[in-house]
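This structure is a prediction, so every number in the text was calculated from the model and none was measured. Chain letters run A, B, ... following the sequence lines, proteins first and then strands; every chain starts at 1.
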There are 2 protein chains.
Amino acid sequence: MMKKQLIMEKALELFAKQGFEATSVQQITEQCGISKGAFYLAFKSKDELILSLIDHFMMQFTSDLDCIVRDTEETNEVLYKFYYSNFSSFYKYSDFAKTFMKEQTHTFNEEFILKIHYYDSQLEKIILCMIERIYGKNLPVKLDIMYSIKGFTNIYSHLFLFSQVPFDLHQLAQSLVEKTELLAKHAKVPFLTEELYQNAKHPVTEEQQKEKILEIIDQKTDELKDDSIVQESFSLLKQQLHEPAFSPAIVKGLLENIRHHPNCQWITYLLQSYWKI
Amino acid sequence: MMKKQLIMEKALELFAKQGFEATSVQQITEQCGISKGAFYLAFKSKDELILSLIDHFMMQFTSDLDCIVRDTEETNEVLYKFYYSNFSSFYKYSDFAKTFMKEQTHTFNEEFILKIHYYDSQLEKIILCMIERIYGKNLPVKLDIMYSIKGFTNIYSHLFLFSQVPFDLHQLAQSLVEKTELLAKHAKVPFLTEELYQNAKHPVTEEQQKEKILEIIDQKTDELKDDSIVQESFSLLKQQLHEPAFSPAIVKGLLENIRHHPNCQWITYLLQSYWKI
DNA sequence: TATAATAATGACTAAGTGGTCATTTGTCAA
DNA sequence: TTGACAAATGACCACTTAGTCATTATTATA
């Protein structure tokens, strides 16, 4: 349908300039030279429009990269082609890329978030597949390399999209290939383990979270035997975790007791987010 | 003033969950248990609130990092401390970090953008200063290392903020130190030159932009001598640049002629953004 | 040409926004 | 207890929003 395409194009231009929420359906229809009713004939809602845009572009972007990673015969060319294709897509779909980067973390719409997560994990799969093709399945820092690649593409895309300077994509790709190769061949200190990665991707249930917190408390209690205040605080927090009894002020105070201890920041954070305080 | 602080705290929680625009002043005042009027006694407008938040947290964050980079005596500890401090700040101010990442590229408010750019360039200065301290002033890939560091911190912060998994910040910092050292010591292929970097940071005027475009057209015309269509297209586009005469359809067609040629994507983009089409 | 079917319109609604200000409440010293 | 001053309130305003639907225009078919 022609209308749909027209709306998508014009809307995207506006979204790129102003953001999704700041752009009204009115503005979109004016830009298209159509009526408000016509808009709602093409799309059920404003949300459906952005969802369609995400699908349209991300399918293109993702499959482009997938083809390159799968079809490039020479493994020593894959990385270069990956980076080059990545940045030229960002250029080609720059309006979409801008909108996407803007709204990437907005939480106002559940479906929206799910879609973005879906395509993000697809991209991660593609990068991992590429890494395995080039460096073999058993590269110990595989996941960190994947994250480094994502970091590189993100930060340079940002520069690329939000400045007006002409970039030499060839030089950029070459420069990133060298960096990636260096990291893949020499980096030995891992951070992202398979387990950590899986956990980060699949957020745990409240019950599982509680188990994990108790585990860490036990560990920390053991580590900090010489501080009786911390010992007691942990003990009381553990009670509270099993059966809420103390007032918010008391809980807050107990958390304060442990917050400033070395290596206790994370457990403090976990407890806070568990109790939503 | 206590009220101001209360509002800032509660507002930040809401912003982190829903985003700035999606959070109404009403919601904020409800969360604080105060009236709408009281809000406007503390802040002149909703915009003033977010601007205050940015200042409050970014000043803290920036000066924390600055101290570490300046005051750490042992140069071989600086990198580690930088990364560790960076991520613990993200943890400490996680609500702010979420909000900030969400709104980072929104363009609805000029002052907002200026502030974010200001603090971003401060951060870049600090990182550059750190790099110079560790590796000396003449590291050839200085700016790319700076961007790599930004890329690392960005992408891991993202994982860190939007997942619930407990992270070992020590391990993360160590892992990133190793990566940075590898890049700084062995990377030889530069991408970001001093000139490119300066241009990206200080967007050029329309007149300068035109000059630059003409320059690139001349260069490309020279490169692609064997394609007469491209030659003529460039020649006509140059005319149009000096004095607009052709209709939009003709200009669009000329752009199509050059768009798909290798290495002509950027100039096509520049022309499009110059003519705002 | 007449009829049916489809496409497009834009005034309208209900809900929600940021921001204002006449009024009420609270807190002092006298 | 009074009165003066500041702090806090929330009904209210003008405006914008996404979405609806009775009406009109266009097209295809008989």
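Contacts of I155(B) classified as side chain to side chain contact (heavy atoms under 4.5 Å, CB included), with partners at least two apart in sequence or in another chain: Y147(A), K150(A), N154(A). Shown here are the ring pair (Phe, Tyr, Trp, His ring centres under 6.0 Å) partners of Y197(B), two or more places apart in sequence or in another chain: there are none. By the side chain to side chain contact (heavy atoms under 4.5 Å, CB included) test, I250(B) pairs with F246(B), S247(B), L254(B), sequence neighbours left out. Qualifying salt bridge (Lys or Arg N to Asp or Glu O under 4.0 Å) partners for E256(B), counting only residues two or more places apart in sequence or in other chains: R259(B). With sequence neighbours left out, the side chain to side chain contact (heavy atoms under 4.5 Å, CB included) criterion links Q27(A) to L14(A), Q18(A), T23(A), S24(A). With sequence neighbours excluded, the residues that form a ring pair (Phe, Tyr, Trp, His ring centres under 6.0 Å) with F61(B) are F90(B). When the ring pair (Phe, Tyr, Trp, His ring centres under 6.0 Å) test is applied to Y40(B), no partner is found at least two apart in sequence or on another chain. By the side chain to side chain contact (heavy atoms under 4.5 Å, CB included) test, I213(B) is found to be paired with Q209(B), I217(B), L241(B), I267(B), L270(B), L271(B), Y274(B), residues two or more places apart in sequence or in another chain being considered.
Residue pairs meeting the salt bridge (Lys or Arg N to Asp or Glu O under 4.0 Å) criterion with at least one member in residues 51-65 of chain B, sequence neighbours excluded, are D55(B)-K115(B).
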Protein-nucleic acid N or O pairs under 3.5 Å, nucleotides 9-13 of chain C:
residue, atom, partner, partner atom, Å
dT9(C), OP2, S35(A), N, 2.8
dT9(C), OP2, S35(A), OG, 2.9
dT9(C), O5', S35(A), OG, 3.3
dG10(C), O6, G37(A), N, 3.3

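Looking at DNA chain D, the stems built from 3 or more consecutive Watson-Crick or G-U wobble pairs, each pair with its key distances under 3.5 Å, are C:1-27 with D:4-30.
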B/S/- contact track for nucleotides 23-28 of chain C, protein heavy atom under 4.0 Å: ------

